[in-house]
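For ligands, and for the atoms within them, numbers begin at 1 and follow the listed sequence.
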Amino acid sequence: MDKTTFSQLRLMEPILRAVREQGYENTTPIQAQAIPHLRKGRDLLGIAQTGTGKTAAFALPILDYLAGGPEPRRPRRPSVLVLTPTRELASQIAESFRVYGRYVDVRHMVAFGGVGQAPQVRALRRGVDVLVATPGRLIDLIEQRHVDLGSIEVFVLDEADRMLDMGFIHAVRKIIAELPRDRQSVMFSATMPKDIAEFANTILYKPQRVEVAPPATTVERVDQSVLMVDKADKRALLCEVLRDSSIERALVFTRTKHGADRVVKHLRRIGEDADAIHGNKAQGARERALDGFRTGRVRVLVATDIAARGIDVRDVTHVINFDLPNVAENYVHRIGRTARAGRSGTAISFCDVSEHGYLRDIEKAVRCEVPIVENHPFRSKTQYTRMAARSPAKRKASKRPSRKRRPRLTSASSR
Ligand code: AMP
C-alpha cells in the first residue's frame with residue numbers, strides 16, 4: 001500500500017503537531033485504513049495486534065472530534081469510553097491520549113484496580129472527556145455512582161479477544177448496557193475467532209472491517225529457533241543462553257506466575273538483573289519492573305502471557321519462551337514483542353517432551369517449521385516428530401441487525 005501521511009487524513013493542526021513531535025512520518029496501515037472510517041462516524045471492527053499503531057488509530061480521530069466540537073464541552077461528563085483488559089494497556093492508552101492531545105483542550109483519565117479509588121473519583125468529579133478503564137474498576141465506579149456513562153458518544157473496546165480470555169465478558173456486557181444505544185462503537189482484537197465475531201455483532205452497527213498484519217507477517221521478521229531440553233534442565237539452559245552478550249533486552253515467558261518467580265530467583269542467584277511481571281504483583285512492583293526493563297537497568301523481564309500483553313517496550317532484542325504457550329496464538333503474540341515497528345528480532349523457545357504437542361500446534365499456526373538447534377549442552381534425547389500441516393480454518397462473515405444512528409467522529413468542518 002502507498003504511504004499515507006497524517007496530513008492527508010486532515011486531522012487538525014495541533015494534533016498533527018503532536019504526531020510530528022513523536023517523530024511519526026507516515027501512518028501505519030491500521031491508521032491509514034481506520035481513521036477515515038472513524039471520521040465518517042462508522043462503527044469499526046479492527047483486527048490488529050498491539051504494536052501496529054492501533055492506539056493512535058482511534059485516539060487521533062477521537063481527539064480531533066472532541067477538540068473540534070462546539071465549545072465549551074461543559075459540564076465535562078465522559079464522551080468517550082475506552083475499555084481495555086489490563087492496567088498496563090490502560091496506562092499506555094492514557095499516555096497516548098496525553099501525548100497526542102497535548103495541544104488540544106481534551107481531558108482524559110485512567111481508571112483501573114489495584115490502586116486507590118479516591119484519586120480516580122476526584123478526577124471524575126473534576127470532569128473528563130475521555131475515560132480509559134479496565135472493566136472491574138469501572139463497574140465499581142458505576143455501582144457507587146461515581147460515573148454515569150449516559151453521555152458516552154464513542155465507545156472503544158480494545159483487545160476484545162483478551163478481554164474474553166480473561167473472563168471479562170459479563171463485566172463488559174454490563175458496561176455496554178450502561179451506554180446509550182446512539183453511539184459510535186469501535187472494537188479491536190488481535191484475533192477473530194467465532195466467539196469474538198459473534199460478540200462483535202452484538203455491539204457494532206454495520207461495522208467497517210479493517211485488518212492488518214496477519215500474524216504470519218510479524219512472524220516472518222523474527223528469527224525463530226527451538227531448543228529441545230528436559231524440563232529439569234531449562235533453568236540451566238536459560239543461564240547458558242543468556243551468556244550471549246548480543247541479548248540486550250530479553251523478555252522471558254513462563255506459563256505460570258510461580259514459574260516466573262522461580263526463574264527470576266534463579267537468575268538473580270547467578271547475578272543476572274532480572275525481574276518479573278505478572279498478575280500477582282502489586283501495581284507499583286509491576287511499574288518498577290517495567291521501568292527497569294525500559295531503561296535497561298533490568299536486562300531480563302520474566303512475564304506471563306496476560307501480564308505481557310500490550311507491554312510496549314521498544315528494542316526487545318530477544319523473546320525467550322521458557323515454557324511454550326499452550327495456545328498457539330499466544331506464541332505469535334509473544335514473539336511479536338520483538339519485531340516492533342518493522343524491526344526484526346530473535347525468538348528462542350525451550351521445548352520439553354510434554355510440550356511437543358504445543359510445538360506442533362505452533363508450527364501449524366505460523367505455517368512453517370521452527371528450526372531446531374541441535375548443538376547445545378542440554379539437548380534432550382527425546383525425538384520430536386512433526387505432522388503434516390493443515391490449512392487454517394476459514395473465517396465466517398458476520399451479519400448484524402440494523403439500527404439507525406447519527407454519525408460520530410465526523411470532523412468539525414463536515415458537521
Ligand atoms: P500500538 O499498536 O498502539 O501499541 O503502538 C505501537 C507503537 O508504535 C507505539 O510505540 C507507538 O508510539 C508507535 N507508533 C504508532 N503510530 C506510529 C506511526 N505512525 N509511526 C511510527 N510509530 C508509530
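Residue Gln31 touches ligand 1 through its side chain alone, judged by heavy-atom distances below 4.0 Å.
In this pair, Tyr384 and His356 present their aromatic rings perpendicular. The plane angle is above 60°, beyond the 30 to 60° band.
Residues satisfying the side chain to side chain donor-acceptor pair (under 3.5 Å) criterion with Asp140, sequence neighbours excluded, are absent altogether.
Close approach of ligand 1 to Thr52 is summarised as follows: ligand atoms under 4.0 Å from at least one heavy atom of the residue are 2 (O). The atoms of ligand 1 that sit less than 4.0 Å from any heavy atom of Lys54 are 1 (P), 2 (O), 3 (O). Close contacts between ligand 1 and Thr55 involve ligand atoms 1 (P), 3 (O), 4 (O) [criterion: under 4.0 Å to a heavy atom].
Taking a 4.0 Å cut-off on heavy atoms, Val19 fails to register as neighbouring ligand 1.
Applying the salt bridge (charged side-chain N to carboxylate O under 4.0 Å, His left out) test to pairs two or more places apart or on separate chains, none has a residue in residues 108-123.
Side-chain polar atoms of Gln144 and Gln117 form a donor-acceptor pair below 3.5 angstrom.
Using a 4.0 Å cut-off between a side-chain N of Lys or Arg and a carboxylate O of Asp or Glu, Glu355 and Arg255 qualify as a salt bridge.
By heavy-atom distance, the residue among Tyr24, Phe58, Tyr100 lying nearest atom 14 (N) of ligand 1 is Tyr24.
Taking only nitrogen or oxygen atoms, main chain and side chain alike, Asn26 reaches within less than 3.5 Å of ligand 1. Between Phe6 and ligand 1, no pair of N/O atoms sits closer than 3.5 Å.
Under a cutoff of 6.0 Å and an axis angle of 45°, Arg137 and Phe112 do not form a cation-pi pair.
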